Amino acid sequence: MKRIITILLAAFFCLCTQTYAQSRADELMKQAQESLAKKEYIKARYLFLQAYNSFASQEEYTQAVECGVNASALYHRENYYKEAFELLRGAEQLVGTGEQKLKKKLPDLRFRINKERLQMYINTKNPARAKEQLNKLEETAKAAGNDSLSNDFLYTQADYYYTFGMNSQGDAAFKKLIEQYKQQKNYAKVDECYKTLISIARKANNAGLVARTYDKYIIWTDSVKALTAQDELNIVKKKYDESLATIQEKDDSLSAKQYIIIGLCILAAILAAALAIGAVILLRFIMLTRKQKKAISIANEHNELKTEFIQNISSQMEPTLDTLDPKLPGVQALRAFSGHIQELSELENSLSEPYEVQEKNISTFCESVMDKVRGKVQEDVTLTVNAPKLNVKINPEHLERILLHLLENAAEYTPAGGKIWLDFKKRGAHTHQFIISDTGCGIPEEQREDIFKPFTEVKDLTKGDGLGLPICSLIATKMNGSLTLDGSYTKGARFVLELHA
């Protein structure tokens, strides 16, 4: 009896442990997905790895592969390809073990692993290895006999061909996929195919493919209306024929005929009322659209007049300022304010004209910028530059203008013994960031929303006109980037200048 009780207790303990492990794995996966949605990529990768190991230990192969593939994607997103390939290799071994235990093939899971591996070879521009993975995907899709996998393979195949410039093969793959959906009368999927193809062409910077696909998409949009109308007409005709047959069968019942006629009259009245309401709504929409267009036009005109007016005021200040003592702080402040107004207006009118760029060693550049503020900091303030010896295409003059302004602000508000950092980070093949941080007093919460907006408060011009950050923000925009304040940093102030090549 004691032995039976011991066995039952052991079984109960094992069941509880397994349930807890399952619940823990699900929670880790949920947290990873939430972190990914918030773009907290490092945290998401760590949580996906934990969830992957937990699901793998429980032999939950589907969830394990999903977490492993997501973690691998986050690895190669930051160019950690070695770790990504090792993780996929482990996931593939896990699937092989699962197939042996379950005594059945798991093509869906192998397809996901090979598709992620293919994407990494595409990203690294390795057509030979990418082609090998593409062939494996095709074999897996055929073996599965699954329409969903077949369609996914055609998408992936087209992506491969377009990435490596084989447009005719890519067109053939997409055409085959579209024809399948047309035969199934799944017009929403056809629409999705064209949009996906346009997205792929844009990522590959293939302007010709974008234009050609967009033209086909417009033609399809027009034709699908006719196809849909024909299908609806056939349905209505079928229902009409069925109604006639019913009427013929019950021709001897006058009351039934009367009810049918009355019903048709009511339906016609409802349709007529619906058309009338629709016409009224359409006319109202047209009128509102016209009013909005007119309001936008007037607002743009007023904005241009405002800019011209501000420029005129700044220009008219110059002759008067020339008559005053240039050594007076007030005169110097007014001259600086006038110059900033002119520059602000010129930047607003030339945002569509990008600056020329040249290749610079980013480590040397950042060190030279930091050297220019060393004499402006307070006692014992530590200045640090974290930038790799990497050549990057930049506009050195205007980039230095922004960084110097941010570093000088940091020097002014960082007390003795504090720290100021200038960091450079790559955020992808064509995106990089300059991050300026300090341990100063920071920016009050109520002022953060308006620090990049000009003329938001009345200020003593001898203490600054508040136009430095708005000007820097516009320069960043002209450099195909953005200047933002990191609101999550609480030890002082941190500005992030993100540029796109």
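All of these numbers come straight from a predicted model, not from anything done at the bench.
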### Query
Please, which pairs that meet salt bridge (charged side-chain N to carboxylate O under 4.0 Å, His left out) have at least one residue in residues 418-440, sequence neighbours excluded?
none
### Query
How many angstroms lie between NZ in Lys131 and CG in Leu118, if you round to the nearest 0.5 Å?
10.5 Å
#### Entry: Within 6.0 angstrom of Glu446 CD, more than 12 heavy atoms from elsewhere
yes
#### Entry: Side-chain (Ser473) to main-chain (Leu469) donor-acceptor, under 3.5 angstrom
no
### Message
Test your reading of the model: is there a side-chain donor-acceptor pair from Glu99 to the backbone of Leu106, 3.5 Å cut-off?
### Response
yes
#### Entry: Atom OH of Tyr489: over 12 foreign heavy atoms under 6.0 Å
yes
#### Entry: Heavy-atom donor-acceptor pair, Lys453 side chain to Pro470 backbone, under 3.5 Å
no
### Query
Do Ile394 and Val357 have side chains that get closer than 4.5 Å, going by heavy atoms?
no
### Message
Are more than 12 heavy atoms, taken from residues, nucleotides or ligands other than His500, located less than 6.0 Å from that residue's NE2 atom?
### Response
yes
### Query
Can you tell me if Gln58 and Ser54 form a side-chain donor-acceptor pair at under 3.5 Å?
yes
### Query
Phe55 versus Leu28: any side-chain heavy-atom pair under 4.5 Å?
no
### Query
To the nearest 0.5 Å, how far apart are CE in Met370 and CD1 in Ile420?
7.0 Å
### Message
Other residues, nucleotides and ligands only: do more than 12 of their heavy atoms fall within 6.0 Å of CD on Glu359?
### Response
yes
### Task
Check whether any side-chain heavy atom of Ile362 lies under 4.5 Å from a side-chain heavy atom of His432, and answer yes or no.
no
For residues 65-90, tabulate all N or O donor-acceptor pairs below 3.5 Å that involve a side-chain atom, not counting sequence neighbours.
{"unit_1": "Asn70", "atom_1": "ND2", "unit_2": "Glu66", "atom_2": "O", "d": "3.2"}
{"unit_1": "Ser72", "atom_1": "OG", "unit_2": "Ala84", "atom_2": "O", "d": "3.4"}
{"unit_1": "His76", "atom_1": "NE2", "unit_2": "Glu116", "atom_2": "OE2", "d": "2.8"}

#### Entry: Minimum heavy-atom distance Leu485-Arg494, with the two atoms named
CD1-O, 3.3 Å
### Query
How about Ile443 and Phe495: do any of their side-chain heavy atoms sit closer than 4.5 Å?
yes
### Query
In Å and rounded to the nearest 0.5 Å, what is the CG to CG distance from Leu497 to Leu406?
7.5 Å
## Note on the structure
Output for pair (Asn480 CG, Tyr355 OH), nearest 0.5 Å, gives 12.5 Å
### Task
Could you tell me whether Lys30 atom NZ has more than 12 heavy atoms of other residues or ligands within 6.0 Å of it?
no
### Task
Indicate yes or no: at least one non-hydrogen side-chain atom of Gln378 is less than 4.5 angstrom from one of Thr414.
no
#### Entry: Exceeds 12 heavy-atom contacts within 6.0 angstrom, atom CD of Glu34
yes
### Query
So how far is it from Gln447 CD to Ile451 CD1, rounded to the nearest 0.5 Å?
9.0 Å
### Task
Would you indicate whether the side-chain heavy atoms of Gln119 and Ile122 approach each other to under 4.5 Å?
yes
### Query
Mind checking whether Leu399 and Ile475 have side chains closer than 4.5 Å, heavy atoms only?
no
### CG-OG distance between Asn391 and Ser363, expressed to the nearest 0.5 angstrom
10.5 Å
### Query
With the threshold set at 4.0 Å, does a side-chain nitrogen-carboxylate oxygen contact exist between Arg129 and Glu132?
yes
### Query
Between His398 and Lys478, is any pair of side-chain heavy atoms under 4.5 Å apart?
no
### Message
Tell me whether the rings of Phe434 and Phe365 are parallel (<30°), tilted (30 to 60°) or perpendicular (>60°).
### Response
perpendicular
